[in-house]
Amino acid sequence: MSIVVTFLGGAREVTGSCILVRTPGARFLVDCGMFQGGGESDPKNARPFPVPPSSVDFILSTHAHLDHTGLLPRIVLDGFRGPVYATPATADLMGVMLPDSGHIQEREAEWQTRRALRAGRGDGRPLYTEADALAVIPRLKLVPYRETIAPAPGITARFLDAGHILGSAIVSVTVRDGGREKVLVFTGDLGHRGLPIVRDPAPVEKADVLVMESTYGNRVHKGMTETVEEFLHALTDTLQRKGGNVIIPAFAVGRTQDILYLLSDLTRKGRVKGLTLYIDSPLAAQATQITLRHPECFDEEARQVLAWRESHPDALRVVVTARTEESMALNSLRGGAIILAGSGMCEAGRIKHHLKHNLWRKESSVVIVGFQAEGTLGRKIVDGARWVRVLGEDIAVAADVYTIGGLSAHADRDDLLSWAGNFRAPPGRVFVAHGEESVSLGFAQELRNRFRWNAEVPDPGQPMDV
Ligand SMILES: [Zn+2]
Ligand SMILES: [Zn+2]
């Protein structure tokens with residue numbers, strides 16, 4: 001049975017996850033993500049699909065992060081008319097994240113148009129608009145975890161816990177043709193074990209073809225207990241000893257809710273008192289509401305902490321700043337505030353203002369809790385730059401910078417290997433994806449050495465008969 005797999009993105013790089021699968025009976029995508037960070041992203045996002053979008057039968061979405069969903073509006077705009085399957089929580093998150101992304105595209109296009117006109121060139125068009133993004137929503141088909149769907153003749157699929165963010169899933173696809181059967185497993189993004197709120201990644205025991213993420217395939221995070229202590233130290237040292245602010249760049253979905261959860265838990269245990277968390281992102285606030293509506297995704301501890309929070313609403317002050325003026329008012333806070341804002345890699349959004357007002361102050365701290373891709377402002381800060389360019393100004397970096405890897409939503413090398421250890425027999429073929437090239441190559445080597453797996457790093461755009 002001939003099955004051809006092509007990585008359209010997320011191969012030898014972290015963003016742009018999109019895998020085209022051609023089976024004897026159907027053609028489908030796993031994810032349709034946007035390229036982010038770095039100068040190559042814009043042209044890659046704008047390039048035409050290698051096959052007519054109208055010829056794709058359906059799409060399976062592993063989770064709501066834009067590097068997995070951000071080009072859905074584009075493919076719909078270009079003629080895709082099939083269903084997009086996702087877990088109910090993922091679908092709800094997409095409902096706010098995709099229109100927000102469209103809104104950002106429109107604003108950027110406006111800005112570029114003004115620049116282009118000043119330079120005597122034509123106008124820039126947005127990749128897609130908010131309205132284009134809204135056109136994805138009616139295509140969403142909800143699939144609860146572990147339920148089997150049959151999206152096309154001869155194909156069934158199941159979504160399993162990936163433990164990465166709310167609603168995130170490993171997708172297992174079975175293809176049948178003339179009495180033969182092949183199982184294709186796509187991990188999407190796998191979570192760090194013990195991550196707040198969500199359950200750990202579900203074990204998988206067999207696959208003919210496995211696509212595995214490798215974001216942190218070269219790193220080992222600290223365990224959750226040690227991570228929480230690190231986080232607590234950053235908070236108390238900044239807020240109490242130095243009297244500054246704690247700035248946390250965070251993805252609206254995932255880290256924001258994890259931080260809220262951890263602060264609630266630390267307050268519940270009496271380790272901190274009277275904290276104020278500013279969630280300076282309307283999107284993050286919406287995602288938090290959505291999280292609370294999906295207790296079916298929670299682990300046991302999350303149920304307890306969130307129940308406690310409901311009965312002690314004043315123990316931890318949470319201020320959501322919706323309007324721009326409210327956000328600007330935070331610029332005058334000299335100390336005592338924990339400010340969470342996007343974007344997660346400091347490339348856009350309100351976080352830039354908070355960095356501008358706090359990076360140069362040695363009393364303040366920046367707490368990095370998520371992955372920072374090469375070329376992003378966040379990466380420069382993590383790598384110890386003494387000066388960075390923020391909103392057109394050179395800003396000195398005098399604030400303490402804490403990188404708390406254990407709060408990353410991604411599995412580390414040991415998590416990945418331990419998940420791989422669940423397989424009862426080596427998968428027929430293993431593609432290591434979603435990682436910087438050197439990291440993916442190293443991790444594929446690790447899989448070959450340790451498990452004798454037939455692991456390789458795919459080339460983007462290269463059709464492979466599996
Ligand atoms: Zn993700
Ligand atoms: Zn991802």
Side-chain angles (χ1 to χ4, degrees), residues 7-19 29-38 41 44-45 59-72 86-87 89-94 96-98 101 159-171 186-192 195-201 211-217 219 221 249-258 283-284 287 290-291 297 342-345 347 369-374 376 378-379 405 407-412 415-416 419 431-437 439-440 443 458 460:
F7 287 79
L8 303 180
R12 297 178 188 256
E13 63 185 322
V14 181
T15 65
S17 282
C18 183
I19 304 165
L29 296 180
V30 177
D31 287 333
C32 189
M34 184 180 245
F35 295 91
Q36 297 171 307
S41 307
K44 278 165 145 179
N45 285 326
I59 298 174
L60 303 168
S61 275
T62 62
H63 67 290
H65 276 153
L66 287 178
D67 63 312
H68 297 257
T69 60
L71 289 187
L72 284 171
T87 64
T90 295
D92 270 2
L93 289 171
M94 277 193 213
V96 295
M97 292 175 74
L98 294 179
S101 171
F159 289 70
L160 307 167
D161 277 305
H164 168 62
I165 59 164
L166 190 83
S168 66
I170 297 166
V171 184
F186 305 85
T187 64
D189 291 355
L190 291 174
H192 184 37
L195 211 62
I197 305 179
V198 292
R199 293 180 292 266
D200 284 350
V211 176
M212 191 169 178
E213 76 122 315
S214 61
T215 319
Y216 282 123
R219 243 180 276 181
H221 303 320
F251 289 108
V253 177
R255 272 357 66 207
T256 295
Q257 293 76 40
D258 291 351
L283 183 64
I290 290 173
T291 302
C297 299
S343 69
M345 300 195 227
E347 281 295 273
V369 295
F371 184 77
Q372 306 296 317
E374 262 176 308
T376 60
R379 179 66 162 258
L407 283 181
S408 161
H410 284 277
D412 65 8
D415 292 328
L416 292 171
W419 184 82
F431 297 107
V432 176
H434 200 289
E436 280 168 12
E437 188 170 29
V439 176
S440 293
F443 187 68

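Just follow the structure's listing: the first ligand is 1, and inside any ligand the first atom is 1. As the structure is a computational prediction, the values presented were derived from the model and not from experiment.
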### Query
Going by heavy atoms in the side chains, are Ser17 and His68 under 4.5 Å from each other?
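A side-chain contact under 4.5 Å exists here.
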
### Query
How open is the angle at the Zn ion (ligand 1) from atom ND1 of His65 over to atom NE2 of His164, rounded to 10 degrees?
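Answer comes to 90°, rounded to 10°.
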
### Query
When you check the gap from the basic side-chain N to the acidic O, do Arg219 and Asp412 get nearer than 4.0 Å?
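Judged by the 4.0 Å cut-off on N to carboxylate O distance, Arg219 and Asp412 do not form a salt bridge.
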
### Task
Please determine if the Zn ion (ligand 1) has an N/O/S atom from His63 lying under 2.8 Å away.
yes

### Message
If we ignore hydrogens and angles and just use 3.5 Å, is the side chain of Thr376 paired with the main-chain N or O of Arg379 as donor and acceptor?
### Response
yes

For the Zn ion (ligand 2), find the closest N/O/S atom on [X] and give its atom name.
X: Asp189; result: OD2
X: His434; result: NE2
X: Asp67; result: OD2

### Query
When rounded to the nearest 0.5 angstrom, what is the spacing between CZ in Phe443 and CG in Leu416?
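The distance works out to 4.5 Å.
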
### Query
Between His410 and His434, is the ring centre distance below 6.0 Å?
yes

### Task
Would you check if the Zn ion (ligand 2) lies under 2.8 Å from any N, O or S atom of His410?
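Within the cut-off used here (under 2.8 Å), His410 places no N, O or S atom near the Zn ion (ligand 2).
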
